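Since the structure is predicted, the reported quantities are computational estimates derived from the model, not experimental observations.
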Amino acid sequence: MNLEKKIPPPIVTLIFVGLAYICAISTPNEYYGRFVSIAFGSVLTGLIAIIVANIQFRKASTTINPMQPETASTLVDTGLFAQSRNPMYVGMAMILTGFCIYFGSLFGLLAIPAFVQYMNRFQIIPEEEALHKVFGQSYTNYCNTVRRWV
């Protein structure tokens with residue numbers, strides 16, 4: 001099955017949170033819930049990043065639909081997008097990190113790099129290919145100056 005742009009990124013995030021939770025409850029864990037403030041801070045920061053990035057897309061009157069990047073009408077390269085080409089995905093990774101910290105499972109923390117790899121392969125690379133077709137050299141220049149994640 002070709003997974004490129006098939007599963008919406010928020011659903012992917014929830015799947016990885018669920019996997020981290022399963023790891024946490026199925027392995028010895030003495031840290032469950034001990035680092036609530038750090039976990040909450042990570043989740044909150046991730047949510048804020050996603051909201052701010054969505055606002056930037058709406059102000060630019062371009063699509064926020066990650067399943068159809070070819071419908072983008074404007075290349076957003078300011079604000080959070082001047083620091084990361086994918087601040088929404090960074091936000092989702094922060095949310096996942098917060099849950100992993102809360103769950104307290106070292107094994108569960110493996111969900112974070114797995115999430116990043118999945119997103120790179122099945123969401124970001126196909127998006128970048130579509131955006132390159134839409135914006136051409138402008139997008140190439142953007143990619144050469146702004147990192148994919150952070």
Side-chain angles (χ1 to χ4, degrees), residues 1-60 62-72 74-132 139 142-150:
M1 178 178 162
N2 180 1
L3 291 176
E4 293 180 353
K5 298 186 298 176
K6 297 287 189 228
I7 306 172
I11 301 299
V12 172
T13 305
L14 290 175
I15 290 167
F16 277 90
V17 167
L19 291 172
Y21 179 72
I22 290 168
C23 288
I25 63 171
S26 62
T27 58
N29 184 350
E30 61 188 69
Y31 299 106
Y32 192 90
R34 279 199 170 167
F35 302 101
V36 175
S37 59
I38 295 169
F40 179 77
S42 183
V43 171
L44 182 62
T45 302
L47 286 171
I48 290 169
I50 292 167
I51 291 167
V52 169
N54 272 287
I55 290 169
Q56 285 186 257
F57 269 33
R58 290 192 191 283
K59 282 184 178 178
T62 194
T63 184
I64 62 169
N65 184 350
M67 309 310 285
Q68 297 178 335
E70 63 280 353
T71 62
T74 304
L75 177 60
V76 180
D77 59 1
T78 59
L80 289 180
F81 292 92
Q83 306 304 313
S84 168
R85 296 195 311 258
N86 298 288
M88 290 181 224
Y89 301 149
V90 171
M92 290 175 196
M94 292 178 75
I95 291 168
L96 174 59
T97 300
F99 279 102
C100 287
I101 291 169
Y102 179 76
F103 298 151
S105 169
L106 293 177
F107 189 70
L109 291 174
L110 294 175
I112 300 163
F115 172 80
V116 170
Q117 290 303 312
Y118 178 91
M119 292 302 290
N120 280 337
R121 169 64 181 88
F122 295 107
Q123 189 64 43
I124 294 172
I125 290 172
E127 280 181 14
E128 289 178 343
E129 290 169 355
L131 293 172
H132 182 68
Y139 188 72
Y142 174 63
C143 290
N144 289 334
T145 57
V146 179
R147 295 171 63 117
R148 183 178 279 166
W149 287 88
V150 284

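Remark: the backbone N or O of Pro66 is paired with a side-chain donor or acceptor of Gln123 at under 3.5 angstrom. For the pair Ser42 (side chain) and Met94 (backbone), a donor-acceptor distance under 3.5 Å is present. Judged purely by atom type and a 3.5 angstrom limit, Thr27 uses its side chain to pair as donor or acceptor with the backbone of Cys23. Without hydrogens or angle criteria, Thr62 side chain to Ala72 main chain gives no donor-acceptor distance under 3.5 Å. For Tyr139 (side chain) and Ala130 (main-chain N/O), no donor-acceptor pair under 3.5 Å exists by modelled atom type.
With rounding to the nearest 0.5 Å, the separation of CE in Met119 from CD1 in Ile125 is 11.5 Å. From Ile95, atom CD1 reaches atom CG of Leu44 across 9.5 Å, with rounding to the nearest 0.5 Å. Here the CG atom belonging to Asn65 is positioned 6.0 Å from the OG1 atom belonging to Thr71, to the nearest 0.5 angstrom.
Taking 4.5 Å as the limit, some side-chain heavy atom of Pro8 sits within range of a side-chain heavy atom of Ile11. Side-chain contact between Leu75 and Leu131: absent, with no pair of heavy atoms (C-beta onward) separated by less than 4.5 Å.
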Kindly list each side-chain donor-acceptor pair under 3.5 angstrom involving residues 82-91, sequence neighbours excluded, with atom names and distances?
unit_1: Ser84; atom_1: OG; unit_2: Asn86; atom_2: N; d: 3.1
unit_1: Ser84; atom_1: OG; unit_2: Arg148; atom_2: O; d: 3.4
unit_1: Ser84; atom_1: OG; unit_2: Trp149; atom_2: O; d: 2.4
unit_1: Arg85; atom_1: NE; unit_2: Glu128; atom_2: OE2; d: 3.3
unit_1: Arg85; atom_1: NH1; unit_2: Cys143; atom_2: O; d: 3.1
unit_1: Arg85; atom_1: NH1; unit_2: Val146; atom_2: O; d: 2.7
unit_1: Arg85; atom_1: NH2; unit_2: Glu128; atom_2: OE2; d: 2.6
unit_1: Asn86; atom_1: ND2; unit_2: Arg148; atom_2: O; d: 2.9
unit_1: Tyr89; atom_1: OH; unit_2: Glu127; atom_2: OE2; d: 2.4

Show the atom names and distances, to 0.1 Å, of all donor-acceptor pairs under 3.5 Å that link a side chain in residues 96-104 to residues at least two apart or in another chain.
unit_1: Thr97; atom_1: OG1; unit_2: Ala93; atom_2: O; d: 2.7

Show the atom names and distances, to 0.1 Å, of all donor-acceptor pairs under 3.5 Å that link a side chain in residues 51-59 to residues at least two apart or in another chain.
unit_1: Asn54; atom_1: ND2; unit_2: Ile50; atom_2: O; d: 2.8
unit_1: Gln56; atom_1: OE1; unit_2: Leu80; atom_2: N; d: 3.1
unit_1: Gln56; atom_1: NE2; unit_2: Thr78; atom_2: O; d: 2.6

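What you find for Val76 and Phe81 is that their closest heavy atoms are O-CB, 3.4 Å.
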Inset, instruction - Show your working on side-chain contact (heavy atoms from CB on, under 4.5 Å) between Gln68 and Glu70 and close with a plain yes or no. - result: CA-CA 5 Å; Gln68 297 178 335; Glu70 63 280 353; 3.6 Å; yes
